[in-house]
Amino acid sequence: MEKWSSTITPTLLIVFLMLCLSTTATSQLTSNFYATTCPTLLQIVRRQVKIAIKNETRMAASLLRLHFHDCFVNGCDASVLLDGTDGEKFAGANLNSARGFEVVDAIKSAVESACSGVVSCADILAIAARDASGGPTWKVLLGRRDGLVANQTGANNALPTPFESVDQIIVKFAAVGLNTTDVVALSGGHTIGLARCTTFSTRLFNFSGTGTADPTMDTDMVTDLQSLCPQSSDGNATTALDQNSTDLFDNHYFKNLLIGKGLLSSDQVLFSSSEAASTTKTLVENYSNDSSNFFQDFASSMIKMGNISILTGSEGEIRTNCRVVN
Ligand code: HEM
Ligand SMILES: *[C@@H]1O[C@H](CO)[C@@H](O)[C@H](O)[C@H]1NC(C)=O
Ligand SMILES: *[C@@H]1O[C@H](CO)[C@@H](O)[C@H](O)[C@H]1NC(C)=O
Ligand SMILES: *[C@@H]1O[C@H](CO)[C@@H](O)[C@H](O)[C@H]1NC(C)=O
Ligand SMILES: *[C@@H]1O[C@H](CO)[C@@H](O)[C@H](O)[C@H]1NC(C)=O
Ligand SMILES: *[C@@H]1O[C@H](CO)[C@@H](O)[C@H](O)[C@H]1NC(C)=O
Ligand SMILES: *[C@@H]1O[C@H](CO)[C@@H](O)[C@H](O)[C@H]1NC(C)=O
Ligand SMILES: *[C@@H]1O[C@H](CO)[C@@H](O)[C@H](O)[C@H]1NC(C)=O
Ligand SMILES: *[C@@H]1O[C@H](CO)[C@@H](O)[C@H](O)[C@H]1NC(C)=O
Ligand SMILES: *[C@@H]1O[C@H](CO)[C@@H](O)[C@H](O)[C@H]1NC(C)=O
């Protein structure tokens, strides 16, 4: 007893402390992670994102969404970028839907030319999402490593669908450590970008077998969307998620919900469903009242989302080509 406490304990204590230090040194993301290894990284990504959006405005939205779809499946590890029939690109939420992969390739290639083999694809997605959104800015945290596997089943299970209830969506966010504030603030990402008829047409004609359109949708909007998405159509036509100001990152997404102009069911239920009253409705009203509250919460929720189950230190790898493991 005497011997154990006087000799072994101090040694164990030192080993323990060293372990703690080494883990904390590698497990946290930092904003200056590439300060010496790739000092021009942020400028390079910003420039490439700007070029891509200048070519196609919608790319802003597509890049923002890619980071979300990456982070919810096996963490922010660029697993969404991996090609292959077992990849996440073939999961329900991504098939014929996720886009921007060529732009990520272009960014990666510009980054590799300046600093070869040091910047992860997962970090590129995080920086591109921030720069693309055109909304509030924040200090993006870096140091993620790229994963070695894609998880198609994980993508099918973890990503929310536009047909789910508020409670179901809250559960999926909670599974990755995000709360109800994050659900509402991040749903505000739908202030930009487009959605296909197939993601909302169940609301237009015979909603839940009622014989009419979803009663929570504004009737003029129902009429417009019925002509965009006739029942005989293939479901591939697109329209703005924010019907008021699609290219502008603003709080009209929330203002729309107050007047029945949310496009997806999963948008409108944040305000109109019975569950919303005790969960999301007040937040929707708050963000519709004051865009600076939305911007502030969106930025902190993006930082939180960017921190989901990250790989750091010697975990994973730095992919050379974002589409394949090394
Ligand atoms: C809360 C649960 C969410 C659901 C159910 C959902 C669902 C959807 C759906 C169905 C689409 C249209 C896809 C298509 O037509 O192919 C879409 C688009 C989009 N989503 Fe979400 N989403 C959610 C959360 C988020 C979050 C957290 C973000 C980012 C912060 C986001 C950003 C976007 C963007 C920017 C687009 C447009 C993409 C483009 O135009 O290429 N979404 N989402
Ligand atoms: C520009 O955008 C169009 C779609 O609008 C796309 O087909 C094309 O590949 C893009 N070009 C570049 C260089 O990104
Ligand atoms: C795939 O994701 C699910 C969560 O939906 C997780 O339980 C599983 O461990 C993941 N599989 C791999 C191979 O990462
Ligand atoms: C969600 O978490 C944030 C901190 O990340 C906190 O400020 C906020 O109050 C939480 N929201 C809810 C509804 O618990
Ligand atoms: C609506 O759907 C229900 C059940 O799915 C069906 O019984 C009903 O005939 C449909 N009504 C119309 C007008 O198509
Ligand atoms: C919808 O578009 C996708 C490609 O984006 C295509 O594969 C599919 O066949 C289209 N659907 C129909 C019914 O044309
Ligand atoms: C957008 O919303 C504003 C009010 O915030 C309204 O005055 C304007 O008419 C709306 N525009 C469209 C296209 O819905
Ligand atoms: C929104 O603003 C209205 C009018 O100024 C106010 O009555 C309401 O309490 C506000 N709601 C929230 C959630 O901030
Ligand atoms: C609105 O949201 C902001 C930012 O999250 C918060 O500080 C404020 O207390 C909220 N106000 C109301 C009335 O909910
Ligand atoms: C990221 O997650 C780690 C581990 O869960 C946590 O210790 C850290 O505070 C988080 N950082 C941010 C910025 O959320």
Side-chain angles (χ1 to χ4, degrees), residues 44-66 69 80-81 83 85 87-111 113 124-125 128 131-132 135 162 188 190-202 204 217-225 227-264 267-268 271 284-295 322-323:
I44 295 169
V45 177
R46 189 180 313 126
R47 187 177 128 78
Q48 292 296 320
V49 167
K50 201 170 164 183
I51 291 171
I53 295 172
K54 192 170 177 194
N55 176 59
E56 187 198 11
T57 312
R58 184 186 181 185
M59 193 49 66
S62 306
L63 290 172
L64 173 59
R65 187 170 186 234
L66 269 190
H69 282 204
V80 70
L81 301 179
D83 279 343
T85 50
E88 295 168 23
K89 291 174 182 179
F90 289 91
N94 291 327
L95 185 64
N96 296 327
S97 181
R99 54 204 300 286
F101 300 109
E102 295 77 14
V103 171
V104 174
D105 291 339
I107 301 172
K108 174 68 170 174
S109 139
V111 168
S113 305
I124 287 174
L125 285 179
D131 291 349
H190 290 174
T191 179
I192 54 174
L194 308 181
R196 290 168 301 154
C197 292
T198 184
T199 64
F200 57 81
S201 56
T202 53
L204 304 178
M217 187 185 281
D218 172 83
T219 53
D220 289 340
M221 189 164 152
V222 169
T223 307
D224 286 354
L225 295 179
S227 76
L228 178 74
C229 314
Q231 281 171 294
S232 58
S233 69
D234 68 10
N236 276 338
T238 55
T239 189
L241 283 157
D242 172 358
Q243 298 265 311
N244 185 287
S245 52
T246 180
D247 293 336
L248 211 57
F249 195 102
D250 60 13
N251 70 341
H252 267 110
Y253 167 81
F254 298 104
K255 292 178 185 287
N256 292 341
L257 300 183
L258 270 50
I259 55 174
K261 291 190 175 179
L263 183 65
L264 307 177
D267 295 324
Q268 193 60 49
F271 179 76
V284 169
E285 287 169 347
N286 186 334
Y287 298 154
S288 74
N289 270 356
D290 188 339
S291 65
S292 70
N293 289 339
F294 165 46
F295 277 27
C322 291
R323 294 171 180 270

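Because only heavy atoms are used, hydrogens play no part in the values below, and waters and symmetry mates are left out as well, while side chains stay in. Indexing begins at 1, ligand by ligand and atom by atom, following the structure's order. Since the model is a prediction, treat every value here as computed from it, not as a measurement.
- Atom 6 (C) of ligand 2 has Asn55 ND2, 4.2 Å as its closest protein atom, hydrogens excluded (heavy atom only).
- A donor-acceptor pair shorter than 3.5 Å can be found between the side chains of Asn94 and His69.
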>> One pair to check against side-chain contact (heavy atoms from CB on, under 4.5 Å): Glu102 and Met59. What are the steps and the verdict?
In response: CA-CA 11 Å; Glu102 295 77 14; Met59 193 49 66; over 6 Å; no
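- Considering backbone and side-chain atoms alike, His252 places an N or O below 3.5 Å from some N or O of ligand 7.
- For the pair Thr191 (side chain) and Leu248 (backbone), a donor-acceptor distance under 3.5 Å is present.
- The ligand atoms of ligand 6 that sit less than 4.0 angstrom from a heavy atom of Asn236 are 1 (C), 2 (O), 3 (C), 8 (C), 10 (C), 11 (N), 12 (C), 14 (O).
- Under the 4.0 angstrom criterion, atom 9 (O) of ligand 7 counts as lacking any protein heavy-atom contact.
- Taking a distance limit of 4.0 Å, we find that atom 2 (O) of ligand 2 is approached by some protein heavy atom.
- Nearest protein neighbour of atom 5 (O) of ligand 6, counting heavy atoms only, is Asn96 OD1, 3.7 Å.
- The closest protein non-hydrogen atom to atom 13 (C) of ligand 6 is Asp234 CB, 3.1 Å.
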> So Phe249 and Phe295, ring-ring contact (aromatic ring centres under 6.0 Å, His included) or not? Walk me through it.
Replying inline: CA-CA 9 Å; Phe249 195 102; Phe295 277 27; 5.7 Å; yes
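- Between Arg99 and Glu56 there is a salt bridge, since at least one side-chain N of the basic residue sits less than 4.0 Å from a carboxylate O of the acidic one.
- Ranking the protein heavy atoms by distance from atom 12 (C) of ligand 7 puts Asn244 ND2, 3.3 Å first.
- Lys261 places no side-chain N or O within 3.5 Å of a backbone atom of Met217 that could act as its donor or acceptor partner.
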